[in-house]
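These figures come from a predicted structure and were not determined experimentally. Throughout, a chain's letter reflects where its sequence line sits, starting with A, and its residues are numbered from 1.
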Amino acid sequence: MERPRHQGMAKNTYMRWRLPLVCLLWEVAMIVLFGVFVRFGAEADAHWEEEKREMNLTSDIENDFYFRYPSFQDVHVMIFVGFGFLMTFLKRYGFGAVGFNFLLAAFGIQWALLMQGWFHSFKDGKILIGVENLINADFCVGSVCIAFGAILGKTSPIQLLVMTLFQVTLFSVNEYILLNLLHVKDAGGSMTIHTFGAYFGLTVTRVLYRPNLEQSKDKQGSVYHSDLFAMIGTLYLWMYWPSFNSAISDHGDAQHRSAINTYCSLASCVLTTMAFSSMLQKKGKLDMVHIQNATLAGGVAVGTSAEMMLTPYGSLIVGSISGIVSTVGYVYFTPFLDSRLHIQDTCGIHNLHAMPGLIGGIVGAITAAAATEDVYGKEGFIKAFDFTGMYQTRTPSIQGGFQAAGIVVSLLMALVGGAIVGGILKLPIWGDAAAENCFEDEVYWEVPEDEESDAYHMHNPDKPASP
Amino acid sequence: MERPRHQGMAKNTYMRWRLPLVCLLWEVAMIVLFGVFVRFGAEADAHWEEEKREMNLTSDIENDFYFRYPSFQDVHVMIFVGFGFLMTFLKRYGFGAVGFNFLLAAFGIQWALLMQGWFHSFKDGKILIGVENLINADFCVGSVCIAFGAILGKTSPIQLLVMTLFQVTLFSVNEYILLNLLHVKDAGGSMTIHTFGAYFGLTVTRVLYRPNLEQSKDKQGSVYHSDLFAMIGTLYLWMYWPSFNSAISDHGDAQHRSAINTYCSLASCVLTTMAFSSMLQKKGKLDMVHIQNATLAGGVAVGTSAEMMLTPYGSLIVGSISGIVSTVGYVYFTPFLDSRLHIQDTCGIHNLHAMPGLIGGIVGAITAAAATEDVYGKEGFIKAFDFTGMYQTRTPSIQGGFQAAGIVVSLLMALVGGAIVGGILKLPIWGDAAAENCFEDEVYWEVPEDEESDAYHMHNPDKPASP
Amino acid sequence: MERPRHQGMAKNTYMRWRLPLVCLLWEVAMIVLFGVFVRFGAEADAHWEEEKREMNLTSDIENDFYFRYPSFQDVHVMIFVGFGFLMTFLKRYGFGAVGFNFLLAAFGIQWALLMQGWFHSFKDGKILIGVENLINADFCVGSVCIAFGAILGKTSPIQLLVMTLFQVTLFSVNEYILLNLLHVKDAGGSMTIHTFGAYFGLTVTRVLYRPNLEQSKDKQGSVYHSDLFAMIGTLYLWMYWPSFNSAISDHGDAQHRSAINTYCSLASCVLTTMAFSSMLQKKGKLDMVHIQNATLAGGVAVGTSAEMMLTPYGSLIVGSISGIVSTVGYVYFTPFLDSRLHIQDTCGIHNLHAMPGLIGGIVGAITAAAATEDVYGKEGFIKAFDFTGMYQTRTPSIQGGFQAAGIVVSLLMALVGGAIVGGILKLPIWGDAAAENCFEDEVYWEVPEDEESDAYHMHNPDKPASP
């Protein structure tokens with residue numbers, strides 16, 4: 001770590017022993033806990049032949065693997081390429097965007113398999129996992145990737161690992177409250193993933209407020225090619241979002257319907273985003289920041305309701321509105337949050353995840369409250385909302401109320417949890433960089449020294465381009 | 001819009017009110033029409049439980065979703081990342097390539113769901129949609145993306161939206177004529193998508209001929225990294241083309257066979273493309289333009305016949321020939337079309353889609369005409385060509401004749417439709433740029449200002465950055 | 001070919017007649033051989049309707065296509081985008097990395113369909129192909145892509161085509177010995193793909209040793225954006241590796257289990273890679289070379305055992321170890337191999353494929369030897385190791401011994417085969433470049449001449465590049 005030493009606000013960003021220690025500690029803990037707890041579920045265990053006979057299944061195609069694995073892979077791409085590349089828009093932080101996202105997600109999915117497993121797949125002292133657990137682990141980590149978007153460029157990899165540990169834990173608790181205690185539907189995670197993840201991240205970045213961040217303002221923008229790299233992330237998120245919202249829905253019509261609703265919502269969202277991006281700029285030109293982000297709001301905003309009978313035109317309406325809200329957010333709210341509330345939101349997750357997530361929760365509550373046996377069919381109605389057992393007396397309007405409660409719980413968990421975790425991350429031991437070194441890969445990465453002075457000058461900001 | 005104002009042929013490219021207006025108008029129309037017409041098909045509706053019982057299905061895995069959704073997602077990637085990034089090869093038009101492709105496709109799929117729905121999925125006053133409709137909508141938009149390739153860099157986003165509106169309409173009419181009236185097979189769209197889309201686009205660009213286009217000639221080339229971005233598009237198109245050609249084929253052997261034939265055709269196409277790319281250049285070096293485009297001709301050229309018993313070696317032959325034709329086209333035909341016929345074809349869609357599309361139609365007609373009960377089996381023969389109902393007396397040779405007629409109809413629809421739509425797009429109200437501002441993102445996009453002028457120098461290591 | 005002519009060690013790299021000749025010869029041979037031998041397998045043939053009846057299948061969903069096609073597409077992406085872009089890290093060899101990988105893989109899959117077909121799918125004089133053959137052909141070519149990594153930047157496209165011809169042949173023989181004669185399990189190819197491919201490539205590069213390679217040392221590094229392009233390759237390999245290891249496993253639990261084990265192994269591998277990357281550098285910074293490569297070692301290292309009852313925590317342990325071994329390899333072994341053993345390994349395949357491949361083989365042998373009926377269930381045990389027919393008396397410990405023998409056979413085939421093929425490639429007729437022109441696209445590609453010396457000034461068109 002040479003650069004900071006020469007500078008005024010030098011901070012110790014030396015990672016050599018701290019980062020390996022945390023990584024290896026975390027991983028050893030995972031190995032021990034997996035050894036004690038995690039086993040294959042019935043459909044992934046070699047005893048499946050017997051299981052099949054017992055469950056009276058005639059074909060291997062009935063294995064849940066074939067219902068969900070293609071969606072799982074799409075979700076997997078969204079987490080690692082989607083979120084990773086979406087954040088490469090910064091001109092000097094591409095390595096950190098893709099690399100740290102990779103690191104935190106790889107750790108997070110392991111811890112999520114455990115946390116979610118204890119809550120949802122625990123049987124006779126063991127967590128039994130299958131493809132649905134993999135999807136849920138990816139989902140959980142998705143909420144961490146979202147929060148990462150708010151603090152992008154301002155934290156050390158150790159802080160990210162610490163945040164991941166806590167956020168995955170809180171996510172799982174919140175998810176348990178919503179899905180099991182409140183019996184809320186949220187297959188695409190408008191509440192559990194987006195609302196929770198975004199407000200958690202916004203609270204963390206508020207606690208970590210850096211008054212001198214304008215010192216690195218020149219690095220907060222994009223360059224031409226970094227904007228194209230970011231579009232890779234955008235498009236993979238956009239294209240695979242129908243898989244995201246349908247991945248853990250019930251087999252059959254629910255998965256099918258989720259995909260269609262999400263497809264429609266996303267399509268309409270693109271048009272309103274483009275419209276408002278042009279309309280809100282004096283010159284009428286389109287802004288890549290909006291195209292990269294607000295076009296995705298439509299997926300977030302049908303996260304809860306996509307598996308319900310939202311209908312294609314309902315999806316178009318929700319998508320249209322969320323594109324507008326998100327674009328307006330980038331133009332007006334983000335600067336406001338920054339200057340007035342001291343919330344420095346690098347990627348604008350407030351516009352892409354927080355507001356659309358709230359919309360998604362509300363739309364879900366309304367759609368649930370408006371459900372009728374007529375629209376769903378008698379059996380479909382019970383199946384869609386799982387009105388069985390202790391919930392068989394629930395009515396749609398009561399369900400709508402519980403859905404609304406789910407939004408509030410997620411918000412509270414995010415704000416309280418984010419404040420606490422933010423406080424922990426503020427401790428001066430995690431190796432974050434000084435304000436003037438934010439958004440700069442060189443702090444934590446070996447950046448190629450382009451031996452000929454001209455190659456890419458950005459990596460040596462000290463040396464003038466033309467001596 | 002500052003720059004044009006300083007220049008001679010200034011045009012008004014100010015989008016601030018026009019683009020939002022068109023986007024929002026289009027989207028409101030979609031919402032109204034979806035509200036009136038579009039509902040979930042039986043397999044995506046919550047009544048599916050009852051439907052299953054009626055159709056005597058024992059498992060949710062029989063839902064069409066599980067037969068087609070993985071292929072749908074591959075097709076989706078082809079449309080948005082494949083076509084989008086393929087067109088980023090231009091050094092200064094990456095935002096427009098990816099962004100406008102995103103815009104027109106997102107609008108186009110909505111309008112295609114309606115148009116194709118009225119023709120093919122209309123029941124009791126409603127359009128009932130499922131995953132197959134999503135694929136078909138993506139297919140339809142694929143033909144618009146192809147046409148976009150011809151006019152890339154020379155049109156305003158409004159023109160693209162207007163063109164999409166008309167082209168989707170004409171596509172659907174043409175598709176209806178071919179599939180329903182002529183009872184033609186064209187699962188991979190050699191005729192309906194490629195021949196139609198390409199000749200439509202070529203006619204449009206002919207009508208929009210710009211005599212002074214050489215004023216922006218310096219921007220019509222690529223730079224090193226833009227060629228790599230384009231390869232992302234190429235490879236995704238190439239890899240997923242087996243899904244494209246098999247996505248809407250009959251369940252079972254037909255989907256399986258389509259994928260194999262397409263895989264073989266594409267593999268052989270790469271080798272002949274590389275061979276001719278090297279052979280046709282004095283220095284014997286390979287040209288990225290050919291690798292990016294002509295390697296895909298093999299997928300186009302088996303679009304009609306892939307689901308038939310073309311056989312793997314038949315596919316190799318077709319792929320080999322189309323690679324040669326396409327590469328030769330880039331070297332000899334494109335300059336000829338430009339200088340003699342005044343057809344300015346930015347991406348060379350004549351070589352990648354028009355000629356291979358025609359080959360595909362012809363190969364399909366021959367393969368159909370050569371079909372025998374011996375090769376297909378009695379049941380397979382009827383199933384493959386759907387020789388049931390009013391078509392049960394059709395013979396292979398008659399089918400071959402109808403297939404050939406399908407090519408002609410597609411061509412005529414494209415030429416006539418393209419001429420009319422081209423005329424509409426020529427109106428001076430759509431905000432296209434002056435010739436010297438073509439192929440330039442700055443006209444319609446906020447382009448990041450790289451504050452240090454040296455940003456990226458690496459491609460000219462010999463020349464010092466600061467002389 | 002201008003540049004070499006001006007230089008001392010000029011070599012004739014003129015491809016104009018040689019490359020087309022080889023490409024066309026190879027392709028014509030493929031067409032003839034496919035014509036004689038290759039036909040559709042039962043599940044892709046139009047006689048499938050009758051087949052279904054005979055096999056007593058009630059639904060088209062039982063077609064192997066639906067069990068394996070999504071995994072096939074993921075594997076396809078790994079071969080073409082994964083390997084192709086992983087190798088774009090070199091600053092001036094992106095075209096060669098993606099383009100030559102494309103060329104050799106497109107040829108290789110055709111030849112692999114034949115070679116593997118003769119060994120495994122030959123019936124009544126015909127090779128009957130289906131989706132599993134496509135996957136196996138991609139796998140086989142994967143081993144060539146691995147070997148390509150060792151010689152990247154130092155060979156002509158003709159050499160690559162010649163190497164592919166021989167390597168695919170040897171791969172198929174080796175695979176036949178392992179799978180059929182030794183009755184070894186290796187679904188993810190730790191031995192057949194990685195160990196064989198890597199040691200083959202390392203031997204070839206040893207034979208082709210270039211004493212003066214430091215003349216092009218300035219081009220052996222990366223630049224900022226080439227490292228990001230390489231991350232596209234890395235992430236697609238990483239994300240889709242669960243599909244790779246499960247693609248040809250038995251239907252049902254085996255595919256499901258393979259995916260889970262691989263997911264776990266890869267996740268843990270990322271953490272140990274990051275830990276050791278930071279730990280082994282004085283400055284404690286992360287190195288993109290490690291992140292791009294060593295994070296994948298976890299997939300290689302469970303290639304044999306993923307479909308067995310390795311268990312999730314077993315996978316975490318294997319993944320952790322392989323990440324460490326691989327990262328240590330990059331820091332210490334690669335320089336050693338280069339300076340002492342004269343093995344110039346451009347991509348470090350020794351660290352990513354050779355050592356993890358050996359680990360994978362050993363872990364597979366141990367896991368097989370440790371198998372019990374208790375863990376697998378009586379039926380599951382027989383099914384997992386295919387202990388039927390002439391193998392019904394095999395015990396786990398004997399199976400473990402055969403697995404170990406498979407490692408040795410693969411190693412020997414690779415070393416002997418690599419030496420012979422290396423010798424053939426050393427002949428001075430193939431058009432490889434002089435040492436000072438290695439790692440340079442300009443030798444074989446038309447590289448865009450950025451006519452304005454400022455390449456990417458586009459964002460400031462008003463300001464002159466050189467004031």
S.K.: Would the distance check show the side chain of A:R16 and the main-chain N or O of C:Q281 forming a donor-acceptor pair, the cut-off being under 3.5 Å?
M.R.: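 Yes; judged by distance alone, with no hydrogens or angles, the pair exists.
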S.K.: Nearest heavy-atom pair of C:Y313 and A:I31: which atoms, and what distance?
M.R.: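 Looking at all heavy atoms of both residues, the closest pair is CB-O, 4.0 Å.
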S.K.: Which atoms form the tightest heavy-atom contact between A:L103 and C:V270, and what is the distance?
M.R.: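 That closest heavy-atom pairing would be CA-CG1, 4.1 Å.
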S.K.: Can you tell me how far the CG atom of A:D138 sits from the CE atom of C:M239, to the nearest 0.5 Å?
M.R.: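 Spacing of CG (A:D138) from CE (C:M239) equals 10.5 Å.
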S.K.: Can you find a heavy atom in the side chain of C:H251 that is under 4.5 Å from one in the side chain of A:I61?
M.R.: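 With C-beta onward as the side chain, the pair stays apart.
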S.K.: Heavy atoms only, distances under 4.5 angstrom: which of A:T58, A:V38, A:V77, A:V36 has the most pairs with chain C? Name it, please.
M.R.: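 So the answer, after comparing A:T58, A:V38, A:V77, A:V36, is A:V77.
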S.K.: In terms of heavy-atom pairs under 4.5 Å with chain C, which of A:P70, A:A105, A:S59 leads?
M.R.: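 Among the listed options, the one with the most contacts to chain C is A:S59.
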S.K.: How long is the span from the CG atom in C:L271 to the CZ atom in A:F102, to the nearest 0.5 Å?
M.R.: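 Between C:L271 CG and A:F102 CZ, I get 10.0 Å after rounding to 0.5 Å.
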S.K.: Under a 3.5 Å distance rule, please check whether C:H256 uses its side chain to pair with a backbone N or O of A:V131 as donor and acceptor.
M.R.: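 Judged by distance alone, yes, a pair lies under 3.5 Å.
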S.K.: Quick one: what part of C:V289 sits under 4.5 Å from any heavy atom of chain A, side chain, backbone, both or neither?
M.R.: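 Neither part.
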S.K.: Quick check for you: among C:P242, C:C269, C:G221, which has the greatest number of heavy-atom pairs under 4.5 Å with chain A?
M.R.: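 Highest number of pairs under 4.5 Å: C:P242.
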S.K.: Based on non-hydrogen pairs under 4.5 Å, which of C:D250, C:D287, C:D227, C:T272 is most in contact with chain A?
M.R.: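 Counting heavy-atom pairs under 4.5 Å, the top option is C:D227.
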S.K.: Checking heavy atoms, do the side chain of C:D64, its backbone, both or neither come under 4.5 Å from chain A?
M.R.: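 Contact with chain A: none, neither part.
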S.K.: What distance do C:K283 atom NZ and A:Y444 atom OH have between them, rounded to the nearest 0.5 Å?
M.R.: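 Atom-to-atom, C:K283:NZ and A:Y444:OH are 15.5 Å apart.
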S.K.: Restricting to non-hydrogen atoms, name the atom on C:A275 and the atom on A:C23 that form the minimum distance, rounded to 0.1 Å.
M.R.: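 That would be CB-CB, 3.7 Å.
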S.K.: Start with the C-alpha distance between C:Y263 and A:N133, add both sets of side-chain angles, then the distance that settles side-chain hydrogen bond (donor to acceptor under 3.5 Å, both in side chains), and finish with yes or no.
M.R.: CA-CA 11 Å; C:Y263 177 93; A:N133 298 68; over 6 Å; no
S.K.: Just so I know, are the side chains of A:Q110 and C:S268 near enough to count as touching, which here means a heavy-atom distance under 4.5 Å?
M.R.: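 Yes, side chains in contact.
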S.K.: When rounded to the nearest 0.5 angstrom, what distance separates CD1 in C:I291 from CH2 in A:W445?
M.R.: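 CH2 of A:W445 is found 4.5 Å from CD1 of C:I291.
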S.K.: Counting heavy-atom pairs closer than 4.5 Å to chain C, which one of A:W26, A:F80, A:F37 comes out on top?
M.R.: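 Greatest number of close heavy-atom pairs with chain C: A:F80.
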S.K.: Does the side chain of C:C264 come within less than 4.5 Å of A:F34's, by heavy atoms?
M.R.: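 A:F34 vs C:C264: side chains touch.
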S.K.: Identify the heavy atoms of C:V375 and A:D45 that sit nearest to each other, and give their distance.
M.R.: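 Closest approach of C:V375 to A:D45, heavy atoms only: O-OD1, 4.2 Å.
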S.K.: Do you know which of A:I79, A:L21, A:I109 has the most heavy-atom pairs under 4.5 Å to chain C?
M.R.: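 Heavy-atom pairs under 4.5 Å are most numerous for A:I109.
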S.K.: Select one option (side chain, backbone, both, neither) describing which atoms of A:R68 are under 4.5 Å from chain C's heavy atoms.
M.R.: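 For A:R68, there is no contact with chain C at all, as no heavy atom is under 4.5 Å.
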S.K.: Which atoms of A:F85 are under 4.5 Å from chain C, going by heavy atoms: the side chain, the backbone, both sets, or neither?
M.R.: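 Side chain only.
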S.K.: Under 4.5 Å from any heavy atom of chain C, what part of A:F107 do you find: side chain, backbone, both or neither?
M.R.: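 For A:F107, heavy atoms of backbone and side chain both lie under 4.5 Å from chain C.
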S.K.: Counting only non-hydrogen atoms closer than 4.5 Å, does A:W17 touch chain C with its backbone (N, CA, C, O), its side chain (CB onward), both, or neither?
M.R.: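 For A:W17, side-chain heavy atoms alone lie under 4.5 Å from chain C.
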S.K.: Quick one: which of A:W48, A:F72, A:F229 has the most heavy-atom pairs under 4.5 Å with chain C, could you say?
M.R.: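 Answer, by heavy-atom pair count under 4.5 Å with chain C: A:F229.
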S.K.: Indicate yes or no: at least one non-hydrogen side-chain atom of C:I232 is less than 4.5 angstrom from one of A:I232.
M.R.: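 A side-chain contact exists here, since the closest heavy-atom pair is under 4.5 Å.
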S.K.: Please confirm whether the backbone N or O of A:V443 pairs with a side-chain atom of C:K285, one donor and one acceptor, at under 3.5 Å?
M.R.: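 No, the answer is negative, given that no donor and acceptor are paired below the 3.5 Å cut-off.
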S.K.: Side chain, backbone, both or neither: which part of A:D74 has an atom under 4.5 Å from a heavy atom of chain C?
M.R.: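 Neither; nothing under 4.5 Å.
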S.K.: Considering only heavy atoms, which portion of C:K383 lies under 4.5 Å from any heavy atom of chain A: side chain, backbone, both, or neither?
M.R.: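 Contact with chain A involves the side chain of C:K383 alone.
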S.K.: Decide yes or no for A:I129 and C:P312: does some side-chain heavy atom of the first lie under 4.5 Å from some side-chain heavy atom of the second?
M.R.: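 When only atoms from C-beta onward are counted, C:P312 and A:I129 do touch, with a gap below 4.5 Å.
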S.K.: Rounded to the nearest 0.5 Å, what separation is found between the CG atom of A:L19 and the CG atom of C:L286?
M.R.: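 Between A:L19 CG and C:L286 CG, I get 6.0 Å after rounding to 0.5 Å.
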S.K.: Is there a donor-acceptor contact under 3.5 Å from the side chain of A:Y66 to the main chain of C:G252?
M.R.: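 Indeed, once roles are kept as given, a pair shorter than 3.5 Å links the two residues.
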S.K.: Heavy-atom pairs under 4.5 Å with chain C - which of A:R18, A:Q73, A:E43, A:M30 has more of them than the others?
M.R.: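 If we count pairs closer than 4.5 Å to chain C, A:Q73 comes out on top.
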S.K.: Applying the ring-ring contact (aromatic ring centres under 6.0 Å, His included) criterion to A:H76, which one of C:W238, C:Y240, C:W241 satisfies it?
M.R.: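 Going through C:W238, C:Y240, C:W241 one by one, the ring-ring contact (aromatic ring centres under 6.0 Å, His included) with A:H76 is satisfied by C:W238 alone.
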S.K.: Looking only at side-chain N and O atoms, does C:Y224 offer a donor or acceptor that is under 3.5 Å from a partner on A:D441?
M.R.: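 C:Y224 and A:D441 do have a side-chain donor-acceptor pair below 3.5 Å.
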S.K.: Do A:Y69 and C:S243 come close enough that some side-chain heavy atom pair is under 4.5 Å?
M.R.: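 Heavy-atom side-chain distance check passes, below 4.5 Å.
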S.K.: Can you tell me which portion of A:D60 sits under 4.5 Å from chain C's heavy atoms? Options are side chain, backbone, both or neither.
M.R.: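 Contact with chain C: backbone and side chain both.
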S.K.: Check whether A:L113 gets within reach of chain C through its side chain, its backbone, both or neither, counting any heavy atom under 4.5 Å.
M.R.: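 Side chain only.
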S.K.: Mind checking the OH-OG spacing from A:Y14 to C:S278? Nearest 0.5 Å is all I need.
M.R.: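 With rounding to 0.5 Å, OH (A:Y14) is 8.0 Å from OG (C:S278).
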S.K.: Does a side-chain N-to-carboxylate-O contact under 4.0 Å join A:K52 and C:E379?
M.R.: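 Salt bridge absent between A:K52 and C:E379.
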S.K.: Looking at C:E62, C:M231, C:M279, C:M274, which has the largest count of heavy-atom pairs under 4.5 Å with chain A?
M.R.: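 Highest number of pairs under 4.5 Å: C:M279.
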